[in-house]
Number of protein chains: 2
Amino acid sequence: MKTNSKILLIIHGGAGTLPKSATTSRSIDAHNKAMKKALLEGYGILQKNGSSLDAVCAAVKILENSALFNAGYGSVLNQKGKVELDAAIMDGSTLKAGSVAGVSRIRNPVLAAKFIMNYSKHVMLIGRHAENFVLRHGMKLINSESLITSHQYEKWQALKIKKQDDNEKFGTVGAVALDRHSNIASATSTGGIMNKAPGRVGDSPIIGAGTYANNETCAVSATGQGEFFIRSVFSYDLAAQMQYKNLSLEVASTHAMKRLASLGGKGGFIALDRSGNMAIQFNTEAMYYGYINENEIIVVNH
Amino acid sequence: MKTNSKILLIIHGGAGTLPKSATTSRSIDAHNKAMKKALLEGYGILQKNGSSLDAVCAAVKILENSALFNAGYGSVLNQKGKVELDAAIMDGSTLKAGSVAGVSRIRNPVLAAKFIMNYSKHVMLIGRHAENFVLRHGMKLINSESLITSHQYEKWQALKIKKQDDNEKFGTVGAVALDRHSNIASATSTGGIMNKAPGRVGDSPIIGAGTYANNETCAVSATGQGEFFIRSVFSYDLAAQMQYKNLSLEVASTHAMKRLASLGGKGGFIALDRSGNMAIQFNTEAMYYGYINENEIIVVNH
C-alpha cells in the first residue's frame, strides 16, 4: 500500500475562559503532561502505519481517562448532579461514523462510538440503549458515580448555591489525525455543559456539527457553546467551504469561525486535511491544544 | 411589515417502496385526504400572515396524528416492540432550532421540538428527560402504547417471525414553508425504521442532516435511510451548494442527491427557498408529497 511520510495528530482539551486554578504552574504542568501523553499515544499508532481512526480514538481515550478534562472521568455534572456523556467519531476514508449521547455508565464514550460504527448498522445510539448495545458487544459498563471527581462535585455544588450557569469553562476533548495512508479521521468526547438540563445533547456527537471527517476536505473536532455549533452545522460548513469554494483549510476555517461568531457562538476547533495542513482557531479567551508531527510536539495551555 | 404575496407549503409523507396495501384506491384516498388536510391546515396559517414555522408545525402535527404515517400515532415499532420518536424544527429567519429524540410519551414530537426551541437554551433534548422538560412546560404526556396502531403491531410481529429488517417502507413526515414575511422554516418527524435498535437516532432530529432551514439558502426536510443522510450531512450540503457554489435550489438539490446516492443512500426530500422555488426529489420507488400555493393544491401518492 502506498504510504505517505507525513503523519500528524492534533488534539484539543476545550475552549473557554480559563479558571484561575488553571493558571498555576502546577495545573499547567498537569495539563501538559496529560496532553503530551495523549499525543504520544496516538502518534505511536500513526508511526506504526496505524489508521487515523485508531489514533484519534487512542488520544481521546487518554484525555477521557484524565480527571483534568470534561470528558469521561472528571466530566461536569448536570442539573441533577449526574454525568451524561456524548461522543462521536468519523472516518474520512469511508465517511462511516459512530455516535453516542446521554450515556452515564461508559468509561470511554469514544470507544462506544467506535463500537457503534463497527458493529451497528446505525450511526447514533442514545442513553441506556447505547449502553446495553456496547455491553452486548463486550464493553464493560461502570457505575456512573465512578466518573465523578470530587473537584467536579464541589464545583457543581457551588454552582447550585449561586443558581447560575457556568458558561465560562468548557473542556470537551477531541482529536484529528492524518495517517500514512493519507486517511484522516476525527473524534470528539464531552461531558457537555456544567449544570446542563438532563438529556441535553450538544454538538460533539452530531456529525457535521462538532465532529466531521472526509478525505476530500478535512477532519474537524470542535469545542464550545454546542448549540451554536449545531445551528451553524459548524464542522461540515468548514468542509463545504473547502469543497464548494475551493478554499484552503485555513481560509475556510476563518470563514466558518466568522459565521459561528455572527450567530453569537463562542468556541474553537482543530482541523487538518490530507496534505497535512493544520487549522487551530478559537474566539474564546483560551483553548487547550497540542499537535505532534515528525518534527515537534507542541502543547499550548493558555 | 413588508409582506410577500408568495406563500407556499410543501409536505412529505416518506420515501421508499410502496407496500402493496398502499396501491388500493381506498388507501390512496385515505392518504390523499390526510395530506390535503395537513396542507390546508398549514396554508391557513400562511394565509393569515402566520409564520412559516407555525405552518410547518401545524402541517406535521396533522400527519403525526394520522395513523397512516410513520410519525406520532401509528409509528413503527423498534426491536423491543416500543415506539421511539424523533423530530426537529428550524426557523430560517433566526437559525433557531429545536430537536427531540428517543421519546415515547409525546403525541406530537414536532410540538415538543418547538417547546425546546422556545423554552430551552438547548437545541436538542433526548429520552425521558425531553419528556419531563415538555411536561414541566405544560405539555401532556401520554401512555406510549396509545401511539401503537394494530396495523403497526401486526407488521412488527410478522417481521419478528421473518427475522429480517423492513428497509423498504419509510414514512417519515415533514414540511417546509414560505410565509408572507419571506421567512422559511422546516420540520420533520418520524418513528424511525421498523425494528430499529432501541435508542437509535436517525437523521430527522439532526440539524443539517434531515432538517435544515436558512433564509439565505433553503428549507429542507428529508426522508429515507437516515444513516446516509447523517453521514452526508444531507440538508446542509444542499444549502451549502446553493450558498458556496451559487447554484439554484434545483441544481443544488440534484447535486446533493447524487452525493447521497454515491454513498449508497436511498430516500428523498422536499425543499424551497424564499423566492418560492421548490425542489422535490427522491431515488426510491416512490415518495408521498404534496404542496399548496395560491394556484393549486397537489398531492402525489405513488
Side-chain angles (χ1 to χ4, degrees), chain A residues 78 80 84 90 94-97 99-103 116 120-133 165 192-193 196-203 205-209 212 214 226-237 239-247 252 255 263, chain B residues 78 80 84 90 94-97 99-103 116 120-133 165 192-193 196-203 205-209 212 214 226-237 239-247 252 255 263:
Chain A
N78 70 13
K80 303 270 183 196
E84 284 184 333
M90 188 161 187
T94 60
L95 301 186
K96 284 192 177 171
S99 164
V100 69
V103 295
I116 291 165
S120 162
K121 61 183 177 180
H122 301 312
V123 169
M124 186 174 193
L125 296 177
I126 58 175
R128 67 190 165 81
H129 297 302
E131 293 167 0
N132 291 337
F133 177 85
D165 291 340
I193 297 173
K196 66 184 177 183
R200 176 262 189 184
V201 176
D203 63 315
I206 305 294
I207 301 304
Y212 186 72
N214 186 338
E227 280 71 15
F228 291 93
F229 286 79
I230 292 175
R231 291 166 55 205
S232 68
V233 199
F234 181 84
S235 294
Y236 189 70
D237 181 61
Q241 297 209 38
M242 291 178 71
Q243 184 154 22
Y244 299 134
K245 294 179 85 174
N246 285 315
L247 297 181
H255 288 203
L263 280 180
Chain B
N78 69 14
K80 302 270 183 195
E84 285 184 331
M90 189 160 185
T94 60
L95 301 185
K96 282 190 179 174
S99 164
V100 68
V103 295
I116 291 165
S120 162
K121 62 184 177 180
H122 301 312
V123 168
M124 185 174 195
L125 295 178
I126 58 175
R128 67 188 164 83
H129 297 302
E131 294 167 358
N132 291 337
F133 178 85
D165 290 340
I193 298 172
K196 66 185 177 182
R200 176 260 190 186
V201 177
D203 63 314
I206 305 294
I207 301 305
Y212 186 72
N214 187 338
E227 281 70 15
F228 291 93
F229 286 79
I230 293 175
R231 290 166 54 205
S232 68
V233 199
F234 181 84
S235 294
Y236 189 70
D237 182 59
Q241 297 208 39
M242 291 179 72
Q243 182 153 23
Y244 299 133
K245 292 179 86 176
N246 283 316
L247 298 182
H255 287 203
L263 280 180

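Within every chain, numbering begins at 1; the chains are lettered A, B, ... in the order of the sequence lines, protein sequences first and strands thereafter.
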A/N78 versus B/H129: any side-chain heavy-atom pair under 4.5 Å?
-> no
Return the minimal non-hydrogen interatomic distance between A/I126 and B/V201, and the atom names on each side.
-> CG2-CG2, 3.6 Å
Contacting moiety of A/E84, where chain B heavy atoms sit under 4.5 Å = side chain
Looking at side-chain heavy atoms only, is the closest gap between A/H122 and B/K196 below 4.5 Å?
-> yes
B/I207 and A/V233: which non-hydrogen atoms are nearest, and at how many Å?
-> O-CG2, 4.3 Å
Heavy-atom pairs under 4.5 Å with chain B, option from A/A197, A/G127, A/S99, A/G102 with the top count = A/A197
How would you list, by chain and number, every residue that makes a side-chain contact (heavy atoms from CB on, under 4.5 Å) with A/K245, sequence neighbours excluded?
-> A/Q241, A/L247, A/H255, B/Y244
Is it the side chain or the backbone of A/N132 that comes within 4.5 Å of chain B heavy atoms, both, or neither?
-> neither
So what's closer than 4.5 Å to chain B heavy atoms on A/L95: side chain, backbone, both or neither?
-> both
Residue list, side-chain contact (heavy atoms from CB on, under 4.5 Å) with A/A239, at least two apart or on another chain | A/Y212, A/T217, A/C218, A/Y236
For the pair B/R231 (side chain) and A/V123 (backbone), establish whether a donor and an acceptor sit closer than 3.5 Å, ignoring hydrogens and angles.
-> no
Highest number of heavy-atom pairs under 4.5 Å with chain B among A/M90, A/K96, A/K80 belongs to A/K96
Tell me, for B/L263 versus chain A, whether the close heavy atoms (under 4.5 Å) come from the side chain, the backbone, both or neither.
-> side chain
Go through the atoms of B/T94 and report whether side chain, backbone, both or neither lie under 4.5 Å from a heavy atom of chain A.
-> backbone
Between A/R200 and B/L125, which heavy-atom pair has the shortest distance, and what is it?
-> CA-CD2, 3.5 Å
